[in-house]
Structure formats: C-alpha cells, structure tokens
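Worksheet for the structure shown next.
In listed order, ligands and their atoms are each counted from 1.
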Amino acid sequence: MDISTICIHGSDGNDPTGSITVPIYQTATFAHPGVGLSTGYDYSRVQNPTRQHLEKLMAELEGGADALAFSTGMAAIAAMMELFQIGDHIIALNDLYGGSVRLFHTISEKNGLTFTYTNMSDLSKVESLIKPETKAIFVETPSNPMMYVTDLAALSKIAQSHNLLLIVDNTFLTPYYQNPIALGADIVVHSGTKYLSGHNDTLAGFIVVKSPDLAEKLRAIYKTTGACLSPFDSWLIIRGIKTLAVRMDKQQSNAIALAQWLSNHPKIKKVHYIGLPDHPDYTTSVKQARGFGAMISFEVISEETAVNLLERIKLIYYAESLGGVESLITYPMLQTHGDVPEAEREALGINERLLRLSVGLENINDLIADLEQAL
Ligand SMILES: *Cc1c(COP(=O)(O)O)cnc(C)c1O
C-alpha cells in the first residue's frame, strides 16, 4: 500500500458501529471484568484506544516495532533521554532544534550525560569523536535552521559498528518523505505539533522504535513519567495525518517556487533549501528521501531588512512553529534558538540576518506578493 493510503487507512480497526473515524475514548480509567482480569485497558496514562490507534498508525508509517505518543515533541525527547545513565556520552549534530539543545544543556548534563556537538557532513570526523562511554548519536536531517542533510545510511553503519543508538528527529520531512528506520536508525522522534498535526492547533510528540526490546524499555519510562497524549489530541493528530500527503506535496511545491523566487531577489543574500540543486547536500537528499519538504531559511542583506520584513508581512505570520497550513516566519536568533549560547549560534550562521520560513498552503502568488511588499 502506498504511504498516502496508509495515512488515511492505516491501523483501521473494526469498529462494531461501522464508524469511519476512530471514537474519542475520553476516559481516565477502565473497569475490570473480574479480579485479575483486564479488557487490555487499565488506565489512560498506560493505554487508551484512541491514542493506540494513532500509535499503531505512526509505527506503520515509520516502519517501527512500536510508536509512543506524547503530549509534545519535547516530552518525547525528554522521555527518550531517560534511556541513558550517568556518564553516558552522546554525539549530537551541531544544528539542532533549539529546544533539544536547551534540554541537553540544562537537564541532561545536570543528570550526568555529556555531549559533543559536531557537523556531520564529514562522517570520519564523527567516528573520531566516539569514546568508550559513547552510547548514541542524535541527529536532525534536514537540520534546524541551517538545513544540513546528514547521510543516514552511512551514519548508521558507523553507529552499528560501535554499538551506538542512532536517533533521528524526523519532524521536518515526516514519514511521508523520509523513513530513518529503513536507513538504519534505531529511534525516530517527532514533534507531532508540526506537519503531522498540520493545522497549528495541537501539540504532540512521538518516539518510534525499531526493536521490541527498546519499545519495552520506553513503555516502562512512558508509564512512569506520564507525558502521554490526550484522547482528543490523539484524535486531532489522526485527522491531521489523513491529509499529510496532499499537504506536504502542495507545501513542497510552494516552497520550491518560493526558494527560487527568493534566490533571485536583490535583498536576499543566501537561500538554504534542500530542494535547490545547488544546495551542497542535494544529492544526499535525493538519495535518502522522497521529497524536500517545505522549510526554507534565508539570509537577508542586513539586520534592518530582517526586522522590517518581520514587521511588514501581512499574510505570513511572524510566529514560532512550522508545518501547518498557515505560512509562518521565525527569527531563529531570538525565538527557536534564543537559548543556544551566542558563540555556538554565530559559528553556525544563526545571526541577525537569518530568517526561517515554514511555507504553508496559501496560493503561491499571494505568498510571493506578501514577501515582495515586505522586502
Ligand atoms: C518543534 C520541534 C521540536 C519540539 O516539539 P514540540 O512539539 O514543540 O515540543 C523538536 N524537534 C523539532 C525539529 C521541532 O521542530
């Protein structure tokens, strides 16, 4: 079955009423039929039928043994970090979602983990950073906000040969365009708030795992730490995923057109979009993913131009987040990456001229007209 069909019909149950959509089981707990007996559902922190439908769907879309649905993407990543012990070392990409960097710097380090951040375009460099206490490699591809692409199949060979977990944040491309598990990843994390929800109206997060063994460990953490997704929000994400394919294809075609338009604008210095053939990682993208997504970052000629643009846009919102039907623009330096230490940020190119655009579903001519007047 094609992935676009799975988005609509994946994990369809046999509802006795014939209901086309999964019911919202808005309950905290479940009655037991007898002593020592269970319907399979005991308490909604542990399992809930609506959430389970979504989790099976996500496992199917990512090709994993199991998927766990969380209240936010950060809740998913924070729970995943509980797999590690004091003294463990993790190699992470040096261009991650700012919230992940904040989690690692302020909480994981306090809990005794250590991190080395690196560019992953040269994988021999990554290998040279592996120490006896290294346990995992954490990567986002394409990365946020600089749009670096990491060769996941090659990285997974390194991870496997050193017995490390390969963890991939697949928020930007979603399972519709990229399946990290098929490329060798052990764990895939998502902010479901973004394309999976698709409507800028629900927060959610996921961990998808390759092996039943890891699933069992994470289920124990999930049950214990408790940041589960509510039945209603699970239902909203299921509804969002039904249109994932058509949204992503349209958002991508808008993004390709906008990236080309921006590239030719005199007030734009540099456009970072993985779908442009002159992007340095274009061939890796084409090799490992089925699409380029709809995230663009670009550098304007001056700080003044950046600030003016943010204040003048009318149709596009100046707002954090991404992936929804509404186009959003962010100022990474102040917003998503505000807590990343300045030296780290500047070295990456996240400066006062860099803006990040999540291209939505509006008509392309209206988007271009809005940017044109704002520039
Ligand atoms: C938004 C985002 C997160 C965090 O997810 P929330 O749902 O906001 O908690 C993690 N990774 C990436 C790539 C994101 O864009």
Side-chain angles (χ1 to χ4, degrees), residues 54 58 62 67-81 90 92-108 117 120 138-150 152 167-178 180 185 187-208 222 225-230 233-234 236-237 240-241 248 251 255 272 274 289 292-297 319-324 326-332 335-340 348 350 355-360:
L54 172 62
M58 276 303 288
E62 282 290 15
L68 293 79
F70 290 83
S71 54
T72 67
M74 287 322 300
I77 299 171
M80 195 262 310
M81 294 310 290
I90 293 171
L93 184 77
N94 61 354
D95 185 43
L96 295 175
Y97 174 68
S100 301
V101 180
R102 182 173 55 230
L103 172 74
F104 298 162
H105 276 308
T106 63
I107 297 182
S108 306
Y117 299 90
M120 296 203 188
F138 186 100
V139 66
E140 220 175 287
T141 179
S143 70
N144 191 351
M146 300 307 293
M147 311 294 159
Y148 299 125
V149 176
T150 300
L152 290 177
I167 305 158
V168 180
D169 185 329
N170 200 29
T171 299
F172 274 25
L173 288 186
T174 82
Y176 179 60
Y177 282 146
Q178 176 168 272
I187 300 178
V188 176
V189 294
H190 277 282
S191 170
T193 312
K194 314 296 167 57
Y195 291 99
L196 297 170
S197 155
H199 294 76
N200 289 321
D201 58 7
T202 315
L203 297 165
F206 294 94
I207 303 178
V208 190
Y222 187 78
T225 56
C228 59
L229 190 62
S230 76
D233 287 353
S234 298
L236 283 170
I237 303 291
I241 290 174
M248 292 231 56
Q251 282 174 262
H272 307 275
I274 64 168
F292 306 111
M295 293 302 299
I296 300 174
S297 60
E320 244 160 294
S321 202
L322 61 108
E326 296 91 357
S327 294
L328 306 181
I329 196 159
T330 60
Y331 204 11
Q335 294 175 293
T336 53
H337 290 68
D339 287 342
V340 176
L348 281 164
I350 307 174
L355 297 169
R356 191 192 74 183
L357 178 61
S358 168
V359 183

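Counting only heavy atoms of the protein, atom 9 (O) of ligand 1 lies nearest to Met74 N, 2.8 Å. Scanning the protein heavy atoms around atom 7 (O) of ligand 1, the nearest turns out to be Thr193 OG1, 2.6 Å. Shortest contact from atom 12 (C) of ligand 1 to any protein heavy atom: Asp169 OD2, 3.4 Å. Nearest to atom 4 (C) of ligand 1 among the protein's heavy atoms is Tyr97 CE2, 3.4 Å.
Remark: ligand 1 atoms within the under-4.0 Å shell around heavy atoms of Leu322 are 15 (O). Those atoms of ligand 1 with a heavy atom of Gly73 less than 4.0 angstrom away are 5 (O), 6 (P), 7 (O), 9 (O). Each of the following atoms of ligand 1 lies closer than 4.0 Å to a heavy atom of Ala204: 7 (O). When each atom of ligand 1 is checked for a heavy atom of Glu140 under 4.0 Å away, the hits are 13 (C).
Relative ring orientation between His105 and Tyr117 is described as tilted, the plane-to-plane angle lying within the 30° to 60° band.
For the atom pair OG (Ser230) and CG (Leu236), the distance works out to 8.0 Å, reported to the nearest 0.5 Å.
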| request: Just do the side chain to side chain contact (heavy atoms under 4.5 Å, CB included) check on Thr171 and Glu140 with the steps written out, would you? | output: CA-CA 8 Å; Thr171 299; Glu140 220 175 287; over 6 Å; no

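Side chain of Thr202 to backbone of Ser197: no donor-acceptor contact under 3.5 angstrom is found. A donor-acceptor contact shorter than 3.5 Å links the side chain of Tyr222 to the backbone of Ala69. The closest donor-acceptor contact from the side chain of Gln251 to the backbone of Gly324 lies under 3.5 Å.
For the pair Phe172 and ligand 1, the shortest N or O to N or O distance does not fall below 3.5 Å. At a 3.5 angstrom cut-off on N or O pairs, Lys194 counts as close to ligand 1.
You'll find the side chain of Tyr97 stays beyond 4.5 Å of the side chain of Ile77, heavy atoms only.
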